[in-house]
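Below, all heavy atoms of this structure are taken into account, side chains as well, without hydrogens, waters or symmetry copies. We number each residue from 1, following the sequence as shown.
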Amino acid sequence: MPRLNCRGFSKGGVMKKTKKRNQLNISYTQKTVPISLIDTSSDETAWDKKELKSRATYFLLNGAGEFSVNESENGRFKLLAAERDFWAYKLTGAREVNVRIYSFTDHNAECFSIVERLKTERLAVMDEAYLMKRLIDEFSFTQDDIGALVGKSRPNVANTLRLLTLTPEVIGLIESGKLSAGHARTLVKVDKEKQYAFAEEALKRDYSVREMERAVKAYLTPPEVLKQENAAKAAAKSEELKAFVERMRRVYRTKVSLIGNDKKGRIYIDYYSPEDLYRFEELLDMIENYDR
């Protein structure tokens, strides 16, 4: 008998709102049933044929685990999760399947099904976001609840849900695979009327996530603040260059001059006698020998 951390589930499978997340028992029976008695929400054509065949080959070599089903009418069962694996397993020619049989109400069965899908299936990021939103809206879950149930951190859950605040056009880019979730998350703070333009620019220029973060930050930061930040960075680099030149003066024991900045320029090393040149040569010999 497994244990499930599920806010809203109470003993006997009755849903109720609670303030605390309880450790509750969700009972089931294990059985082998004819595969023809299991009903699904989708049919075989909803899944990629090559992927189903590959998964079927895996099941032929390794066998399949148990599928979670809910008792239905007339001795039939409703599959609660893992529909892709179910159809792949059916391709193996199997006539029977091992199942865990639950006795949920329709409402609780839907909740359990969503949690199982988030836990066990490889979902696209927007599909994850939609399912998490349903747990919040329809079943009174919190982000902490979802994280505990599906094995994700609360920040991970929060970042996934934030994608739903983007405009439909940007969400469409994510769903089509053109824009990654990492790129899209940088747009959450951007005005909605500008989000799609930013996304298009990122695709056009092939921005990395870090580059897009910098572009968004530059857009959101007031010009005077950005100017101050750039000036502070330039001053810091200038101090580093000054320290570098001073270090060279100490090592070479002569005058060293710098013209330029941290990107390009010239360094002048003065010498005043043959002894100075000899000392420089000794330093170069030490560097060359060290490299060897």
Side-chain angles (χ1 to χ4, degrees), residues 7-8 21 46 48 84 110-111 113-240 261-264:
R7 184 176 185 267
R21 190 187 302 116
D48 182 82
R84 184 201 61 156
E110 188 66 20
C111 175
S113 177
I114 292 172
V115 172
E116 285 297 293
R117 289 188 65 193
L118 286 168
K119 283 173 59 178
T120 62
E121 295 184 12
R122 292 180 299 171
L123 300 170
V125 66
M126 290 311 305
D127 290 334
E128 285 189 344
Y130 294 134
L131 291 176
M132 289 178 180
K133 188 69 163 53
R134 287 191 61 193
L135 288 177
I136 291 172
D137 292 345
E138 299 175 29
F139 302 99
S140 301
F141 279 59
T142 66
Q143 292 182 10
D144 286 326
D145 294 330
I146 296 172
L149 282 167
V150 305
K152 295 182 181 291
S153 67
R154 185 187 179 284
N156 183 288
V157 173
N159 284 334
T160 301
L161 288 168
R162 285 192 186 101
L163 296 175
L164 295 175
T165 67
L166 297 168
T167 62
E169 294 81 4
V170 175
I171 289 176
L173 292 176
I174 303 171
E175 291 177 330
S176 66
K178 294 179 180 179
L179 191 70
S180 76
H183 286 83
R185 272 191 283 268
T186 67
L187 299 175
V188 169
K189 295 182 180 180
V190 175
D191 299 335
K192 289 187 179 296
E193 60 270 19
K194 297 288 186 180
Q195 287 179 0
Y196 189 69
F198 261 100
E200 283 191 318
E201 187 72 8
L203 295 174
K204 180 181 177 180
R205 295 179 178 273
D206 195 23
Y207 279 163
S208 67
V209 174
R210 186 60 59 83
E211 288 171 333
M212 196 157 178
E213 287 175 345
R214 286 197 290 265
V216 170
K217 181 181 178 181
Y219 168 74
L220 295 175
T221 305
E224 61 275 11
V225 175
L226 193 62
K227 185 177 181 180
Q228 291 175 358
E229 289 181 353
N230 290 335
K233 290 179 181 178
K237 289 179 179 178
S238 177
E239 290 300 319
E240 290 176 0
N261 53 38
D262 63 300
K263 293 182 179 180
K264 64 179 181 178

Fill in: Heavy-atom closest pair, residues Gln143 and Ala158
OE1-CB, 3.3 Å
Fill in: Contact check, side chains of Arg117 and Leu123, non-hydrogen atoms, under 4.5 Å
yes
Item to complete: Using modelled atom types only, decide if a donor and an acceptor are shared between the side chain of Glu169 and the backbone of Tyr196 within a distance under 3.5 Å.
Response: no
Item to complete: Just do the side chain to side chain contact (heavy atoms under 4.5 Å, CB included) check on Ile136 and Ile146 with the steps written out, would you?
Response: CA-CA 9 Å; Ile136 291 172; Ile146 296 172; 3.8 Å; yes
Item to complete: Please assess Asp145 against Leu135 for the test side chain to side chain contact (heavy atoms under 4.5 Å, CB included), listing each intermediate value before the final yes or no.
Response: CA-CA 9 Å; Asp145 294 330; Leu135 288 177; over 6 Å; no
Fill in: Distance, nearest 0.5 Å, that separates CG of Asn159 from CZ of Arg154
10.0 Å
Worksheet item: Which residues pass the side chain to side chain contact (heavy atoms under 4.5 Å, CB included) test with Glu211, sequence neighbours left out?
Response: Tyr207, Ser208, Arg214
Worksheet, complete the sentence: Tightest non-hydrogen contact, residues Met126 and Leu164, listed as CE-CD2, 3.7 Å
Worksheet item: How far does CZ of Arg185 sit from CD of Glu213, to the nearest 0.5 angstrom?
Response: 10.5 Å
Practice prompt. Check Thr186 against His183 and note the closest heavy-atom contact, atom names and distance.
Written response: OG1-O, 2.6 Å
Practice prompt. Grab the two heavy atoms, one from Leu163 and one from Ala184, that are nearest each other, plus how far apart they are.
Written response: CD2-CB, 3.9 Å
Item to complete: State whether Glu116 and Lys119 are salt-bridged, where the test is any N-O pair (Lys NZ or Arg NE/NH1/NH2 against Asp/Glu carboxylate O) under 4.0 Å.
Response: yes
Worksheet item: Within a radius of less than 6.0 Å around NZ of Lys192, do more than 12 heavy atoms belonging to other residues, nucleotides or ligands occur?
Response: yes
Response to the item:
salt bridge (Lys or Arg N to Asp or Glu O under 4.0 Å) filter on Glu200, not counting sequence neighbours, yields none
Fill in: Minimal non-hydrogen separation, Cys111 against Phe139, with atom names
CB-CE2, 3.4 Å
Worksheet entry | Full working for side chain to side chain contact (heavy atoms under 4.5 Å, CB included) between Gln195 and Leu166 | CA-CA 8 Å; Gln195 287 179 0; Leu166 297 168; 3.6 Å; yes
Discussion item. Ignoring hydrogens, what is the shortest heavy-atom contact between Leu161 and Met132? Give both atom names and the distance.
Written reply: CD2-CB, 3.7 Å
Discussion item. Just verifying a value: how many Å separate Leu187 CG and Tyr219 OH, rounded to the nearest 0.5 Å?
Written reply: 11.0 Å
Worksheet entry | Straight-line distance of Ile114 CD1 to Tyr130 OH, nearest 0.5 Å | 14.5 Å
Discussion item. If I take atom CG from residue Asp127 and atom OG1 from residue Thr160, how far apart are they, to the nearest 0.5 angstrom?
Written reply: 11.5 Å
